[in-house]
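Take a look at the structure set out below.
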Amino acid sequence: NAGVTQTPKFRILKIGQSMTLQCTQDMNHNYMYWYRQDPGMGLKLIYYSVGAGITDKGEVPNGYNVSRSTTEDFPLRLELAAPSQTSVYFCASTQRGGPELTDTQYFGPGTRLTVL
Amino acid sequence: AQTVTQSQPEMSVQEAETVTLSCTYDTSESDYYLFWYKQPPSRQMILVIRQEAYKQQNATENRFSVNFQKAAKSFSLKISDSQLGDAAMYFCAYRASEAGGTSYGKLTFGQGTILTVHP
């Protein structure tokens, strides 16, 4: 059982470049999240999705975009990379509602992004 | 808005001894969930323990237990019989209750406490 997978593990971007961080979960979870973790800080929510086709902004959405065309995938897009986006990015998923009623978020291993 | 504060940037403990990590939070809601996550050098976020605010009994998971003081809005983590593998960054996190809320499962994290375990 792979859980939540993220690619790439590491990436260096130049200012103004764009890239997509991939996130896939194989647990059929309906809720998915993107967080960023700046050095020495806790995680902050960028975007979240409550199901395929439905996304919404979190605390720090500026400079990012997301899409959710399938239950499994929740990619995060950086259009014009800036040094302020240097961070570690975590994708997470959980199942809300239904018989299990779990509120445990399962995290991916993270992507370390550096913008120079 | 909810806030979570971890006032100890770093803590250390000798192997086999007990250590307590502190966490306070601020919320106007009466029903919510609190979590402790462990983040080892691999950066993976690992759930350690969870507490439902409506439960008075403190949660325990093997060597990990919490002291949940709802009135004081305090949620500390006690690690007993510390092991070298416990060394990590520990995050306290808050999630509002689903009922009638619009939190969409969002977690609010504290700043983290780095725990060092000495052999």
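Letters A, B, ... are given to chains in the order of the sequence lines, protein chains preceding strands, and every chain is numbered from 1. Just so it is clear, the model here is predicted, and its values are computed rather than measured.
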- Query: chain B heavy atoms under 4.5 Å from A/Thr111: which part of the residue, side chain, backbone, both or neither?
  - Reply: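 It is the backbone, since no side chain atom gets that close.
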- Message: Just to verify, which of A/Tyr89, A/Tyr64, A/Phe74, A/Phe107 counts as forming a ring-ring contact (aromatic ring centres under 6.0 Å, His included) with A/Tyr35?
- Response: A/Phe107
- Query: At a heavy-atom separation under 4.5 Å, does B/Gln39 approach chain A through its side chain, its backbone, both, or neither?
  - Reply: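 Looking at B/Gln39, just its side chain touches chain A.
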- Query: Can you tell me if B/Thr27 and B/Tyr94 form a side-chain donor-acceptor pair at under 3.5 Å?
  - Reply: yes
- Looking just at side-chain N and O atoms, do B/Arg63 and B/Ser80 make a donor-acceptor pair shorter than 3.5 Å?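 B/Arg63 vs B/Ser80: no donor-acceptor pair found between side chains.
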- Flag yes if more than 12 heavy atoms outside B/Lys73 fall under 6.0 Å of its NZ atom; otherwise flag no. yes
- Task: Specify which of B/Met45, B/Met89, B/Gln111 makes the most heavy-atom pairs with chain A at under 4.5 Å.
- Result: B/Met45
